[in-house]
Protein chains: 2
Amino acid sequence: MWSRAAGRDGLDGMTIRLEHAVLSRLPKPPHKIDTRSLLERLRGAGIRTNMRALQRLLVKLEADRLVSCDASTKPYQWSWGEEQHVEFPPMSAETALSVLMAQEHLRHLLPPPTLDDLKPRARRAEQVLASSKAFRSWRSKVTVVPRGLAVVPPAIEPEVVRTVYRALFEARQLTADYKLRGKCDYRRFDINPLGLVVREGVVSLISTRSGTTRFQQLHLHRMRAPSLTTAKVIVPTGFDLQRYVAQGKAAYVLAEEPIALELLVSSLVADTLSEVKLAQDQALEPAEDGRYRVRATVRDTIDLRGWLKSYGPHVEVVGPGRIREEIRAELAQAAARYVDR
Amino acid sequence: MWSRAAGRDGLDGMTIRLEHAVLSRLPKPPHKIDTRSLLERLRGAGIRTNMRALQRLLVKLEADRLVSCDASTKPYQWSWGEEQHVEFPPMSAETALSVLMAQEHLRHLLPPPTLDDLKPRARRAEQVLASSKAFRSWRSKVTVVPRGLAVVPPAIEPEVVRTVYRALFEARQLTADYKLRGKCDYRRFDINPLGLVVREGVVSLISTRSGTTRFQQLHLHRMRAPSLTTAKVIVPTGFDLQRYVAQGKAAYVLAEEPIALELLVSSLVADTLSEVKLAQDQALEPAEDGRYRVRATVRDTIDLRGWLKSYGPHVEVVGPGRIREEIRAELAQAAARYVDR
DNA sequence: CGCAGTGCGTCAAAAACTGACGCACCCGAA
DNA sequence: TTCGGGTGCGTCAGTTTTTGACGCACTGCG
């Protein structure tokens with residue numbers, strides 16, 4: 001009995017190594033690399049070869065359309081060829097699915113150039129999925145719906161999208177016309193962009209006014225005629241978008257400090273709250289009158305007020321007294337609207 | 001002056017073609033292919049080669065760790081090797097960014113095996129982004145926040161996630177224990193799964209009871225001990241998840257038919273509605289008393305009621321009368337809660 | 001104008017590949 | 001059990017490709 005791979009068959013394999021090494025070091029078309037640098041980078045990676053061999057290999061790869069050559073200047077400049085993409089093993093159905101889902105669901109979360117980069121891969125993904133019914137149909141089996149009322153998100157000018165995303169990406173300041181809430185006219189703003197918040201289709205730019213540290217939240221659909229400036233973004237010390245949002249600051253905070261909320265809720269609402277909690281520290285206990293007492297430490301935001309009111313008689317605010325009083329007043333006022341007629 | 005590529009240097013390039021052809025036809029490890037089938041598939045693709053040459057090439061590629069061989073049975077079985085992935089041109093920063101964003105934001109939207117498939121690519125993506133500050137920092141510049149109140153999404157058992165997603169993916173029915181709203185005990189359900197809806201962290205399964213056509217919406221966090229059955233999913237004729245959701249059915253519809261909503265709103269709310277519309281056909285006009293009259297055709301859902309109430313005195317329902325009456329009654333009731341004390 | 005840097009033709013030597021065997025081994029059918 | 005076909009692989013001579021080492025043509029630069 002002889003063992004596998006005992007004898008040699010004269011095959012080397014070094015050539016594949018070299019080809020792959022070269023291919024993986026070639027930049028995409030906008031960029032290019034001259035033969036000498038390429039050789040040095042290969043040497044740096046421990047691949048022993050020489051100028052002539054490399055030249056020959058590159059010509060060979062060019063014939064295969066894998067690389068293309070700019071021969072207009074003498075140290076020839078090489079870059080990736082027209083063959084869009086070579087990938088082994090071929091794109092799996094799993095990957096194809098993620099690509100397509102990404103394209104569908106990350107629209108507002110990626111810079112436009114990155115979305116463009118997704119397109120050719122999405123086309124290949126479609127082809128891959130064509131042969132797998134289960135994967136193909138998955139896309140029609142999941143969806144995201146907004147929590148609240150279904151609304152029609154406002155349109156944003158493509159120009160605004162491009163410029164704002166670019167400013168944010170390149171960390172550059174910008175100026176733009178902005179329509180303040182309730183006003184009809186636009187005003188020019190100097191914007192120091194810090195982060196983007198997507199909220200049910202409404203895209204807002206968290207920023208400071210250039211030169212100040214006052215935060216402002218600009219909705220992209222109210223913006224017009226943006227233009228980049230040369231100034232770099234100045235990030236306030238300690239600023240962190242996740243934290244900013246986690247503190248509820250993207251949601252019209254009414255008070256800096258969290259509040260100790262106390263409610264009396266019907267069993268219906270209690271059921272919901274037992275699953276979807278208001279806060280990590282939420283406490284829920286039966287009250288005397290068949291209702292339930294809820295305590296939780298939350299941020300005082302406009303949304304909180306809206307949420308409290310939306311349940312009508314099913315939610316009664318016990319404390320803080322300030323909020324109880326406000327809700328009481330609003331309910332009285334609202335009820336008054338319906339008195340006559 | 002001689003022209004480029006005039007003389008031949010003896011290089012062929014056919015070998016690269018063959019290598020790539022072989023590599024691109026190799027399946028990933030769980031699957032495998034024997035030498036003969038591979039040869040036939042190559043022949044089918046118009047590549048003339050022979051058994052011996054293919055065997056030699058495969059051995060060579062194996063030495064390069066590009067393919068691996070199962071030599072336990074005689075027609076050797078070949079599959080992709082340990083070299084995780086070969087890709088030219090190398091992963092771009094754009095691609096890396098989409099991969100990482102996908103992993104972060106598509107958690108509930110992809111079947112678990114697809115998420116697993118993302119992991120190795122995400123690792124490479126991290127490496128790629130390590131050298132590009134702009135791309136790396138993008139992730140900390142965008143975020144998604146829920147529209148309404150920030151809440152803590154309920155936890156879902158991993159077992160439930162796995163099984164439900166698998167059932168949906170493979171289009172198979174399942175059974176599971178489910179805790180009905182407000183009840184404490186679990187009941188066994190036969191589930192014919194149709195689609196998944198993600199709603200601010202709450203994942204719900206749109207389904208029918210097996211053998212019936214009555215829709216039910218099951219929240220994954222209320223589910224326990226799921227198990228697949230052998231029955232295939234039966235899709236009701238005409239069912240389409242997107243349409244189902246677009247009709248607001250995932251949001252507790254109260255009436256089948258859309259309603260003609262008419263409101264009187266304060267200028268504050270009118271401002272908002274001029275940007276974020278209730279419906280495509282929304283009409284907005286000034287009313288006599290300084291308020292604005294809004295007309296729109298919308299679905300009558302629980303969320304609509306909540307939305308209407310959340311604005312307190314800023315929104316008055318004019319019609320339909322039925323809803324006006326309900327809101328009036330609720331407001332009166334709610335206001336009464338705050339009367340004494 | 002001269003010189004260094006590049007690309008490429010050339011050519012002989014070296015290496016790799018091919019095709020055509022034959023043998024060893026496995027496996028299923030007779 | 002035997003037998004024959006299917007596979008994998010060693011071998012070897014003939015062929016093809018690659019390599020290494022020139023030299024020349026051309027470019028850009030001082």
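So that the names make sense, note that chain A is the first sequence line, chain B the second, and so on, each numbered from 1.
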For [N], take OP1 and OP2 only and decide whether either is under 4.0 Å from a side-chain N or O of [X].
X	N	answer
Lys60(B)	dC17(C)	yes
Thr35(B)	dT7(D)	no
Gln55(B)	dC9(D)	no

- prompt: Is Val203(B) close to Tyr165(B) at the side-chain level, that is, under 4.5 Å between some pair of heavy atoms?
  reply: yes
The side chain of [X] lies closest to which of these nucleotides: [options]?
X	options	value
Ala53(A)	dT19(D), dC17(C), dC8(C)	dT19(D)
Arg56(A)	dT19(D), dG8(D), dT18(C)	dT19(D)
Arg52(A)	dG9(C), dA20(C), dG7(C)	dG9(C)
Met51(A)	dG7(C), dA21(D), dT11(D)	dG7(C)

Between [N] atom [atom2] and [X] atom [atom1], what is the distance in whole Å?
X	N	atom1	atom2	answer
Asp70(B)	dG8(D)	CG	P	11 Å
Leu58(A)	dT19(D)	CG	C1'	16 Å
Glu40(A)	dG5(C)	CD	P	12 Å
Leu39(A)	dT6(C)	CG	P	10 Å
Arg36(B)	dG8(D)	CZ	P	9 Å
Asp34(B)	dT7(D)	CG	C1'	10 Å
Leu57(A)	dT19(D)	CG	P	8 Å
Leu54(A)	dT18(D)	CG	P	14 Å

- prompt: Looking for any heavy atom pair under 4.0 Å, which part of the strands does Asn50(A) touch: base, sugar-phosphate only, or nothing?
  reply: sugar-phosphate
Name all residues meeting the side-chain hydrogen bond (donor to acceptor under 3.5 Å, both in side chains) criterion together with [X]; count only those two or more places apart in sequence or in a different chain, and write none if there are none.
X	answer
Thr163(A)	none
Arg25(A)	none
Gln103(B)	none

query: What residues, two or more places apart in sequence or in another chain, satisfy side-chain contact (heavy atoms from CB on, under 4.5 Å) together with Asp116(B)?
result: Lys119(B)
- prompt: What orientation do Phe169(B) and Phe135(A) show, parallel under 30°, tilted 30 to 60°, or perpendicular over 60°?
  reply: perpendicular
task: Work out how much the helix from dC1(C)-dG30(D) to dA30(C)-dT1(D) bends between its end axes, five pairs an end, to the nearest 10 degrees.
output: 30°
- request: Taking salt bridge (Lys or Arg N to Asp or Glu O under 4.0 Å) as the test, write out the residues that go with Asp70(B), two or more places apart.
  value: Lys32(B)
